[in-house]
Student: 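The structure that follows is given in the form of structure tokens.
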Amino acid sequence: MIRPLLLGCLLASPALAQPRFEDASGALPGPEHSYEGGWEHFVGGGVAVMDCNGDARPDMAVAGGEVRARLFVNATDTALRFVEGALPEMTGVTGIWPLMLDADHDVDLVVLRVGENLILRGNGDCTFTRANEALGFDGGDRWSTAFSATWERDATLPALAIGNYVDRDDPEGPFFACDSNELHRYGAAGYAMTPLEPGFCALSMLFSDYDRDRAPELRVSNDRHYYVRDGYEQMWELEPLHEMVAAGEWEEVSLWGMGIASQDITGDGLPEVMLTSMGDQQMMIADSGGYARAPVTIGTYATLPHTGGDGRPTTGWHAEFADVDNDGRMDLFIAKGNVDQMPGMAMEDPNNLLMQQPDGTFREAAAEAGIATLDRSRGAALADFDGDGLLDLVVINRRAPMELWRNVSDDAGQAITLDLHRDGPNPAAIGAVIEIARDGVIETRERTVGGGHGSGSLLPLHIGLGNAEAVQLRIIWPDAQQPSEWFGVAAGGSYQARLIRDVSGDDITVLE
């Protein structure tokens, strides 16, 4: 049962800024970049955002489909600016995700393709080296479209989940020809693959500790367009490995699944889930018994274009929660766009910027913010590219130039950033939960890799504070015996938390 007051329990500041963005695409190096290709690139088109050289400025690796993938290195000084970086020559790329594989703390990349998938080891200077052979990773030759990663207990390297779309070799396809998915676990001989079957044409995956029992599950969002019937959204448990819907342990839900976003917005410590689709976007509200669909009055279903005059149903792709105006409430961006020329769906399909209100509902603000463009958008990311304390926006478009938007909202609230590091395996603390206490309520953030559509970020967490001058926070590390102590942090600060284990085996969190 959903609580009577759905979302407003996080309290937080009154509404502050009206969101406003200015076009900063001129800060990108030429030539203009777009996601190109035929039907194998109707889906995909992602961006990875990370700091690949340790200068505290977010960089970007961008999928290109049939054109080469590119790296844009942040060279911002007095003005926002990117320069061309060097990726290994790659085409067929559908999505890219940043990940710290090992204890060297350099950002690595997992690259999905129509063709062989790649693991690229970061060298710490925004250069990357192929690592498939060194890690025993078989990249296959499939049409791969979804990714997530997690660290299982006592694992030295992460488990990698890869979702595959239509089986290109099935002569009876494309309908009813969904390929199987993959779980890669690392052992003494390198990575070994276990198929996740059946597959229902995955377009997004996310490992998350959905029930906060400190054992992550894998949610898979699937495209009903090709599985047509008898498929559904899947949930995999890792120990023992089994699919929970088929086992009768999870509700069966079917939709035209494109992307996943996850965030606790009710203040109960459990993550809500946003599932993008064709026609509507389903917000699933967590409670102790599982998940229930949010009421229509929440304002997130976004079933029709909100501007542009096209009255046909909308198509959602990448979804991401973030606090755009730093008011202490998580907002929601959804990238929109027709698959290609589907006549029953809107061709002029503007992206959504759904601003969370003090009562917990969401209000459409993309048009007033200046970002309601009408291209076929796919992947996206929100990050503070210019270091001014506000989250900027990058959007990847199919057959149209990518967009970069600088957040110039007036009267925005204050914020902090919090980075997490630990020695040994899982250096970026994937799976950690951060608790933020304010106004007598505890908000939670989980550090994950995956979800979205073809896109992911590995950056310090951005936490809006509204008008507050300080908040209390603590960290529940993935495999620590106890949560950290509570720390007071002041608005405007950039903090790094590190987990160390002393000689007696006790876990100590140091906040700097």
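Sequence positions, counted from 1, serve as the residue numbers for this chain. No hydrogens, no waters, no symmetry mates; every other heavy atom, side chains included, goes into these values.
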Student: Can you check side chain to side chain donor-acceptor pair (under 3.5 Å) on Glu251 and Tyr232, steps first, answer last?
Tutor: CA-CA 10 Å; Glu251 179 188 4; Tyr232 45 83; over 6 Å; no
Student: Keeping Glu243 on the side-chain end and Ala246 on the backbone end, is there a donor-acceptor pair under 3.5 Å?
Tutor: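 Judged by distance alone, yes, a pair lies under 3.5 Å.
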Student: Establish, yes or no, whether a centroid distance under 6.0 Å links the rings of His225 and Phe175.
Tutor: yes
Student: Side chains of Ser494 and Thr417: do they bring a donor and an acceptor to under 3.5 Å?
Tutor: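 Thr417 and Ser494 do have a side-chain donor-acceptor pair below 3.5 Å.
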Student: Does the side chain of Ile434 reach to within under 4.5 Å of the side chain of Leu418, using non-hydrogen atoms?
Tutor: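 Ile434 reaches Leu418 side chain to side chain.
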Student: Would a distance-only check, ignoring hydrogens and angles, find a side-chain to backbone donor-acceptor pair under 3.5 Å from His318 to Ala380?
Tutor: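 A pair under 3.5 Å: yes.
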Student: I need the single residue from Glu403, Met60, His33 that forms a side chain to side chain contact (heavy atoms under 4.5 Å, CB included) with Leu28. Which is it?
Tutor: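 Exactly one candidate clears the test, Met60.
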Student: So do the side chains of Ser455 and Ile396 get within less than 4.5 Å of each other, counting heavy atoms only?
Tutor: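 SC-SC contact between Ser455 and Ile396 ruled out.
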Student: Is there side-chain contact between Leu183 and Leu238, with at least one heavy-atom pair below 4.5 Å?
Tutor: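 Result yes, sub-4.5 Å side-chain heavy-atom pair found.
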Student: Yes or no on side chain to side chain donor-acceptor pair (under 3.5 Å) for Asn123 and Thr129, after CA distance, side-chain angles and deciding distance?
Tutor: CA-CA 7 Å; Asn123 301 315; Thr129 303; 3.2 Å; yes
Student: Trp97 vs Phe147 aromatic rings, parallel, tilted or perpendicular, using cut-offs 30° and 60°?
Tutor: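 The arrangement is tilted - the two ring planes meet at 30° to 60°.
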Student: Could you state the interatomic distance from CG (Leu120) to CE (Met90), rounded to the nearest 0.5 Å?
Tutor: 5.5 Å
Student: Do the side chains of Arg130 and Glu116 get close enough for a salt bridge, i.e. N-O under 4.0 angstrom?
Tutor: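 A salt bridge links Arg130 with Glu116.
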Student: How long is the gap from CH2 on Trp317 to NE2 on His453, to the nearest 0.5 Å?
Tutor: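 Between Trp317 CH2 and His453 NE2, I get 5.0 Å after rounding to 0.5 Å.
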Student: So how far is it from Met50 CE to Ser457 OG, rounded to the nearest 0.5 Å?
Tutor: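 Atom-to-atom, Met50:CE and Ser457:OG are 10.0 Å apart.
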Student: Decide yes or no on side chain to side chain donor-acceptor pair (under 3.5 Å) for Thr373 and Asp375, but give the supporting numbers first.
Tutor: CA-CA 6 Å; Thr373 50; Asp375 294 315; 5.2 Å; no
Student: Heavy atoms, side chains only, cut-off 4.5 Å: are Asn132 and Leu118 in contact?
Tutor: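 Yes; the side chains approach each other to less than 4.5 Å.
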Student: For Asp479, is there an ion pair with Arg422 - N to carboxylate O distance below 4.0 angstrom?
Tutor: yes
Student: What's the verdict on salt bridge (Lys or Arg N to Asp or Glu O under 4.0 Å) for Arg142 and Glu182, showing C-alpha distance, side-chain angles and the deciding distance?
Tutor: CA-CA 11 Å; Arg142 290 165 147 173; Glu182 307 168 16; 2.8 Å; yes
Student: Can you check whether Asn117 reaches Val111 side chain to side chain, under 4.5 Å on heavy atoms?
Tutor: no
Student: May I ask you to decide whether Glu36 forms a salt bridge with Arg399, counting only side-chain N to carboxylate O separations under 4.0 Å?
Tutor: no
Student: Report the C-alpha distance between Glu217 and Arg212 in whole Å, list the side-chain angles of each, state the deciding distance to 0.1 Å, and finish with yes or no for salt bridge (Lys or Arg N to Asp or Glu O under 4.0 Å).
Tutor: CA-CA 10 Å; Glu217 296 85 23; Arg212 296 295 193 248; over 6 Å; no
Student: Got a donor-acceptor contact below 3.5 angstrom from the Asp108 side chain to the Gly122 backbone?
Tutor: yes
Student: Could you go through Asp179 and Val166, starting from their C-alpha distance and side-chain angles, then the distance that decides it, and tell me whether this counts as side chain to side chain contact (heavy atoms under 4.5 Å, CB included)?
Tutor: CA-CA 5 Å; Asp179 208 343; Val166 174; over 6 Å; no
Student: Do the charged groups of Arg406 and Asp386 touch, with an N to O distance under 4.0 Å?
Tutor: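 Between Asp386 and Arg406 there is a salt bridge, with a charged N closer than 4.0 Å to a carboxylate O.
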Student: Quick one: does Ser204's side chain have a donor or acceptor within less than 3.5 Å of a partner on Gly259's backbone?
Tutor: no
Student: Does NZ or CZ of Arg224 fall inside the cone over Phe176's six-membered ring, less than 6.0 Å from its centre and within 45° of the axis?
Tutor: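 The answer is no; the distance or angle limit is not met.
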Student: Check whether the side chains of Ser221 and Glu233 place a donor and an acceptor atom closer than 3.5 Å, and report yes or no.
Tutor: yes
Student: Look only at the side chain of Tyr186 and the backbone of Leu160, and say whether a donor-acceptor pair between them is shorter than 3.5 Å.
Tutor: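 Checked: no pair found.
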Student: The test is salt bridge (Lys or Arg N to Asp or Glu O under 4.0 Å); show your working for Arg70 and Glu84 and say whether it passes.
Tutor: CA-CA 8 Å; Arg70 297 170 69 184; Glu84 191 83 30; 2.7 Å; yes
Student: Taking side chain to side chain contact (heavy atoms under 4.5 Å, CB included) as the criterion, tell me which of Ile96, Ile119, Leu71 meets it with Leu109.
Tutor: Ile96
Student: Are the ring centres of Phe200 and Tyr226 closer than 6.0 Å?
Tutor: no
Student: Arg398 vs Asp340, test: salt bridge (Lys or Arg N to Asp or Glu O under 4.0 Å). Steps then yes/no.
Tutor: CA-CA 9 Å; Arg398 173 171 155 74; Asp340 191 64; 2.7 Å; yes
Student: Judged by atom type as modelled, is there a donor-acceptor pair below 3.5 Å linking the side chain of His421 to the main-chain atoms of Ala428?
Tutor: no
Student: Given the rule in the side chain to side chain donor-acceptor pair (under 3.5 Å) test, do Ser208 and Glu446 qualify, once you have shown the distances and angles that lead to the verdict?
Tutor: CA-CA 8 Å; Ser208 174; Glu446 183 181 11; 2.6 Å; yes
Student: Any donor and acceptor pair, going by atom type alone, linking the side chain of Asn74 with main-chain N or O of Pro58 inside 3.5 Å?
Tutor: yes
Student: In terms of ring plane angle, is the pair Trp143 and Trp39 parallel, tilted or perpendicular, where the classes change at 30° and 60°?
Tutor: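 Judged by the thresholds at 30° and 60°, the geometry between Trp143 and Trp39 is perpendicular.
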Student: Measure the shortest side-chain to side-chain distance between Pro313 and Thr303 over non-hydrogen atoms and say whether it is less than 4.5 angstrom.
Tutor: no
Student: Check for a donor-acceptor pair, side chain of Asp223 on one end and backbone N or O of Cys201 on the other, with a separation under 3.5 Å.
Tutor: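 A pair under 3.5 Å: no.
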Student: Should we say atom CD of Glu133 is surrounded by more than 12 heavy atoms from elsewhere, each under 6.0 Å from it?
Tutor: yes
Student: Answer with yes or no whether the side chains of Ser377 and Asn397 bring together a donor and an acceptor at under 3.5 Å.
Tutor: yes
Student: Apply the side chain to side chain donor-acceptor pair (under 3.5 Å) test between Lys336 and each candidate in Asn351, Thr314, Thr315, Asp349; give the one that qualifies.
Tutor: Thr314
Student: Both conditions, 6.0 Å and 45 degrees, for the charged tip of Arg219 above the ring of Tyr210: are they met here?
Tutor: yes
Student: Please tell me if the side chains of Leu420 and Trp477 come closer than 4.5 Å, counting only heavy atoms from C-beta onward.
Tutor: yes
Student: Does a side-chain heavy-atom distance below 4.5 Å link Leu382 with Phe321?
Tutor: no
Student: Is the side chain of Asn407 donor-acceptor paired with the backbone N or O of Leu391 at a distance under 3.5 Å, no angle test?
Tutor: yes
Student: Just by distance, do the side chain of Arg113 and the backbone of Thr91 share a donor-acceptor pair under 3.5 Å?
Tutor: yes
Student: Begin with the C-alpha distance, continue with both residues' side-chain angles, and end with the deciding distance and a verdict on side chain to side chain contact (heavy atoms under 4.5 Å, CB included) for Asn53 and Asp59.
Tutor: CA-CA 9 Å; Asn53 56 10; Asp59 312 296; 3.8 Å; yes
Student: Got a salt bridge between Glu239 and Arg185, using NZ or NE/NH1/NH2 to carboxylate O under 4.0 Å?
Tutor: yes
